[in-house]
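All remarks here apply to the structure that follows.
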Amino acid sequence: MDNNFTKIILKSGKEQSLLRFHPWVFSGAIKQINGKVDEGDVVKVYSNSNEFLGIGHYQIGSIAVRIFSFDDIEPNADFWKSKLNAALNVRKAIGLIDNDETNVFRLVHGEGDGLPGLIIDIYKGTAVLQMHSIGMFLIRKEIAAYLKEIFGDRLVAVYDKSSKTIPFKAELNPVDGFLLGESDPVVVSEYGNLFQVDWAEGQKTGFFIDQRENRYLLQHYSKGRDVLNMFCYTGGFSFFAMKGGAKLVHSVDSSSKAIELTKTNVELNFPDDNRHEAIVADAFEYLSNIKDRYDLIVLDPPAFAKHRGALNNALQAYKRLNARAFEQIRPGGIVFTFSCSQVVSREKFREAVFSGAAISGRSVRILHQLTQPADHPISIYHPEGEYLKGLVLYVE
Ligand code: SAH
């Protein structure tokens with residue numbers, strides 16, 4: 001079997017992280033590549049003393065191999081189906097399969113499900129695939145077929161949305177589209193709240209599934225409050241707040257498309273409810289002039305740092321943003337604040353929020369420390385998978 005796949009040999013000592021099941025091989029760890037290798041190829045990785053370490057997809061870049069098995073398996077249909085079934089079993093354990101209230105969830109979360117480079121989101125009967133590695137992109141049609149086998153009639157269509165996530169330099173010229181079946185944009189339900197989802201046009205795979213539990217928590221803090229949902233995108237936090245009994249909800253985003261989506265979704269859930277208003281504005285400007293207007297503020301900005309080089313600027317931005325919210329919120333107010341930048345650690349984010357609080361001089365207590373939901377699991381061996389962090393704060 002060994003002859004089928006190109007063999008990659010690591011420098012002495014560089015096997016340690018793989019022995020602890022970390023799935024990334026950095027290019028600098030490679031001593032030698034025995035044979036020809038193209039981007040996306042399956043390769044086998046060995047230590048300098050010829051010990052098998054793992055099998056994965058090869059790619060040019062700082063992460064050279066993404067390991068999908070630490071056992072010496074044959075990556076055939078049975079193998080991929082068993083990995084997908086394992087991911088499905090986790091969602092069953094969480095209670096997301098055949099759930100009447102929630103029919104939008106993440107089925108496969110990359111490294112968190114032992115499938116680096118593969119994201120699969122389920123929107124009712126449609127699966128949306130987003131490949132982050134060339135190896136996974138090359139087997140997208142097979143993955144779609146396995147999903148169909150597993151889900152049967154419950155799966156109507158599989159849509160591939162990898163054009164913006166696989167490396168541009170690979171020159172694969174990916175075009176987004178259906179790999180299997182066809183479906184129109186759907187209305188999905190999250191805890192009984194309705195969302196219109198357009199995977200083709202929307203950000204990520206169409207919807208920020210990862211805020212489900214945090215939106216649900218917000219619902220319980222909203223009663224009688226004046227709520228600002230900053231960076232609202234599809235408006236999720238807004239109608240959870242309305243459901244929770246908010247007195248008034250203002251949704252703000254710099255994108256007019258997002259504001260239209262929010263309006264549509266609020267109308268779906270609360271037709272003719274005059275508690276809600278949606279506003280196109282820049283966050284930093286809007287937040288500078290809202291003294292004592294709100295007593296619940298949500299800050300869920302886009303990833304300020306997409307790579308390590310941007311870390312310091314991102315931390316400054318989190319600090320300024322949070323300082324504004326603390327300065328302006330009414331006494332006894334509550335702030336839900338988030339970072340979805342993978343390179344910003346939980347500690348660094350908390351430090352930035354701490355600095356923002358210090359600038360405001362207000363007394364601030366941490367009520368909850370939030371993270372991503374269970375259908376975005378984190379492999380204990382791959383802490384980098386913890387990308388979403390949030391704090392719920394009480395501002396005296
Ligand atoms: N809270 C949302 C997800 C937020 S995504 C949810 O629960 O689904 C981040 C949003 O921030 C995007 O919609 C983007 O248009 C918006 N955005 C980016 N920069 C902004 C700025 N400077 N001011 C206001 N909104 C901004």
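Note that ligands are numbered from 1 as they come in the structure, with each ligand's atoms numbered from 1 the same way.
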Of all pairs that satisfy ring pair (Phe, Tyr, Trp, His ring centres under 6.0 Å), the ones with a partner from residues 260-284, not counting sequence neighbours | none

Contact table, ligand 1 N/O with protein N/O, distance under 3.5 Å:
| unit_1 | atom_1 | unit_2 | atom_2 | d |
| --- | --- | --- | --- | --- |
| ligand 1 | 1 (N) | Phe231 | O | 3.0 |
| ligand 1 | 1 (N) | Asp300 | OD2 | 2.6 |
| ligand 1 | 7 (O) | Arg215 | NH2 | 3.0 |
| ligand 1 | 8 (O) | Arg215 | NH2 | 3.2 |
| ligand 1 | 13 (O) | Gln203 | NE2 | 3.2 |
| ligand 1 | 13 (O) | Asp253 | OD1 | 3.4 |
| ligand 1 | 13 (O) | Asp253 | OD2 | 2.7 |
| ligand 1 | 15 (O) | Asp253 | OD1 | 2.6 |
| ligand 1 | 22 (N) | Asp282 | OD1 | 2.8 |
| ligand 1 | 23 (N) | Ala283 | N | 2.8 |
| ligand 1 | 25 (N) | Ser254 | N | 3.1 |
| ligand 1 | 25 (N) | Ser254 | OG | 3.3 |

Fit a plane to each ring of Phe195 and Phe239, take the angle between them on a 0 to 90° scale, and name the class: parallel (under 30°), tilted (30 to 60°) or perpendicular (over 60°).
-> tilted

Using the six-membered ring of Phe237, assess whether NZ or CZ of Arg215 lies under 6.0 Å from its centre and within 45 degrees of the ring axis.
-> yes

Side-chain ion pair, Asp113 and Arg106, N-O less than 4.0 Å | no

Pairs where residues 256-274 contributes a residue and the test side-chain hydrogen bond (donor to acceptor under 3.5 Å, both in side chains) is met, not counting sequence neighbours | Asp273-Arg275

Selection residues 322-335 - residue pairs positive for side-chain hydrogen bond (donor to acceptor under 3.5 Å, both in side chains), sequence neighbours left out = Asp226-Arg330, Asp295-Arg330, Asn322-Thr337

